[in-house]
Amino acid sequence: MTRVHAYAAPSEAAPLEKTVIDRRELGPHDVLIDIAFAGICHSDIHTVRGDWGPQKYPLAPGHEIAGTVSAVGSDVTRHSVGDRVGVGCMVNSCGECRNCQRGDEQFCTNGTILTYGSVDRDGSVTQGGYSEQVVVTESFVVRIPEGIELDAAAPLLCAGITTYSPLRHWNVGPGSRVAVVGLGGLGHMAVQIAHALGAEVTVLSQTLTKRDDGLRLGADHYYATSDRETFRNLRSSFDVILNTVSAVVDLRSYLSLLDVGGSMVCVGAPAEPLPVQVMSLIGGRRSLAGSNIGGIQETQEMLDFGAEHGIAAEVEVIPASQINEAYERVLASDVRYRFVIDGSTFAD
Ligand code: NAP
Ligand code: ZN
């Protein structure tokens, strides 16, 4: 075991605090990563605060990890010491079920092992990227292309793949009319990716305060959802709506914005249910769907796509001591557009 500095939540009601956690000895297929940056995803906040159910504490969150390989196990072939690598929301899966075989490890029928808060093969509870180092089996470690800085790359490991995967699955491309709801961590990735895929992109944000940023990131149009006129004017005008909002939204209003045959895909995962009027679907042969991150091979494809198209996260790098303040700012939608923790500050 190796002891490393980390930040963990001691309970669902307490702020995160500095601590130490154990990392396992390198197995033959393991990679040891020195964490350079770890993104703060809204899911980290939902999880440690118990929004999605009880957790095992203390829990170190963090599933947007970018760093450098500092050691490899004896049988590792995919990565070498010094490589720039990333780890996202998963660290293992069975590899054999139909979903893993298809490359959808996030839907492993035998239970995906998440980067934090999952029971690992050895019975321990996985601990995430808010720490100095992590040990991960080589097949769940992806390559970060040279063109992307490590701090700007970290959020791609969750926010990037979570928006790339549904945009690809719902065949977004030239001619697609896409609305992105919420311009936060996921939303600002979705705008860049949908634009690079050739779609006509509209941002639906609570206010117009981030309008200039949205247009700069690649949006063609930007509307405030606090203005009821928005819903009147945009009726039946989208093929795909990607909902990245971390809170409950009024589905009926958003579904009315879909054209016939359109799909509203929810990736935002609020604690409370979203009630739906079935007539909102029937009245336009509309679909309401969800999507969960993306597979490992698809994550590599997204990183390569990002490097090719100059897509990366806009980040505010913070020391670990500011994690709790950053959480409050994320909850207040006061983030442009991802907080990323400097991995060299966990011991300070
Ligand atoms: P974030 O940075 O906080 O962005 C969420 C955005 O939603 C905010 O910036 C805000 O955008 C909008 N918003 C927040 N509260 C709202 C409210 N009450 N009403 C309307 N709009 C509101 O969060 P994130 O990290 O992007 O994550 C977003 C959600 O996706 C979270 O629920 C997270 O857990 C979930 N998630 C899901 C997956 C998956 O695989 N499905 C993966 C990662 C994250 P505006 O200021 O522009 O309105
Ligand atoms: Zn996430």
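Owing to the predicted nature of the structure, the values given are computational and were not obtained by experimental measurement. Indexing begins at 1, ligand by ligand and atom by atom, following the structure's order.
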**Q** Near Arg336 CZ, under 6.0 Å, is it more than 12 heavy atoms from other residues, nucleotides or ligands?
**A** yes

**Q** Quick one: do Asp22 and Arg3 make a salt bridge, cutoff under 4.0 Å?
**A** yes

**Q** Please confirm if an N, O or S atom belonging to Cys41, backbone or side chain, lies less than 2.8 Å from the Zn ion (ligand 2).
**A**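 Yes - counting backbone and side chain alike, Cys41 has an N, O or S atom under 2.8 Å.
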
**Q** If you count heavy atoms of other groups shown closer than 6.0 angstrom to CD of Glu149, is the number above 12?
**A**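 Check fails, neighbour count at 12 or below.
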
**Q** Check for me whether Tyr222 has a heavy atom closer than 4.0 Å to any atom of ligand 1.
**A** no

**Q** For the 3.5 Å polar cut-off, considering only N or O atoms, please tell me whether Leu183 and ligand 1 meet it.
**A**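 Leu183 vs ligand 1: N/O contact under 3.5 Å present.
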
**Q** Need the ligand 1 atom indices (1-based, order shown) with element for anything under 4.0 Å from a heavy-atom of Cys158.
**A**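 Those qualifying, in numeric order: 42 (C), 43 (C).
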
**Q** Is the distance between the Zn ion (ligand 2) and the nearest N/O/S atom of Cys158 smaller than 2.8 Å?
**A** yes

**Q** With a 4.0 Å cut-off on heavy atoms, is Arg338 touching ligand 1?
**A** yes

**Q** Closer than 4.0 Å to some heavy atom of Ser205 - which atoms of ligand 1 meet that?
**A** 45 (P), 46 (O), 47 (O), 48 (O)

**Q** Contact between Val330 and ligand 1, counting heavy atoms under 4.0 Å?
**A**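 Yes, that is the case, since the closest heavy atom of the residue is under 4.0 Å from the ligand.
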
**Q** State if Ser291 counts as touching ligand 1 under the rule of any non-hydrogen atom under 4.0 Å.
**A** yes

**Q** With only distance considered, is Ile293 within less than 3.5 Å of ligand 1 through an N or O on each side?
**A** yes

**Q** Check each atom of ligand 1 against the heavy atoms of Trp52 and keep those under 4.0 Å away; list them by number with element.
**A**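 This gives 34 (O) as the contact atoms.
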
**Q** So His309 and Phe305, would you call those rings parallel, tilted or perpendicular, with 30° and 60° as cut-offs?
**A** tilted

